[in-house]
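Everything on this sheet refers to the single structure shown next.
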Amino acid sequence: WKINTKCVENIECFILNRWGDVIYEFNEITGGWDGRTTGGVEAVSGVYFYRLTINDFGGDSEVFHGHITLIR
């Protein structure tokens, strides 16, 4: 799962499990999630949630959230 962005200064993304625990996070503009936890363990199939904050060069920020279905 990748984010394609243009004209942003930075991003912050959290991947959460159904209990609200952060299992992965990244803040690189070219970052993404490969279905693994921060420790490198493959996450089990299921629904995960993301919370993405994007900051542009003008100082504005916008928050996005949604779900990702991981199928193995």
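Hydrogens, waters and symmetry mates are skipped; everything else that's a heavy atom, side chains included, is used. Starting from 1, each residue takes its place in the sequence as its number.
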| Main-chain N/O of A43 paired with R72 side-chain donor or acceptor, under 3.5 Å | yes
| remark: Going by chain and number, the hydrophobic cluster around W19 (ILVMFWY, side chain to side chain under 4.5 Å) further includes none
| query | When rounded to the nearest 0.5 angstrom, what distance separates SG in C13 from NE2 in H65? | reply | 12.5 Å
| Nearest 0.5 Å, what's the CG-CG distance between D56 and N10? | 9.5 Å
| request: Test side chain to side chain contact (heavy atoms under 4.5 Å, CB included) on V47 and R18 and set out the steps. | output: CA-CA 7 Å; V47 177; R18 67 175 129 178; over 6 Å; no
| Distance in Å, F14 CZ paired with E25 CD, rounded so as to fall on 0.5 Å steps | 4.5 Å
| More than 12 non-hydrogen atoms from neighbouring residues, nucleotides or ligands closer than 6.0 Å to CG on N4, yes or no? | no
| note | Sequence neighbours excluded, the answer for side chain to side chain donor-acceptor pair (under 3.5 Å) partners of N27 is none
| Y24: which other cluster members, linking ILVMFWY side chains closer than 4.5 Å, directly or transitively? | W1, I3, V8, I11, I15, I23, F26, I29, W33, V44, Y48, Y50, L52, I54, F64, I68, L70
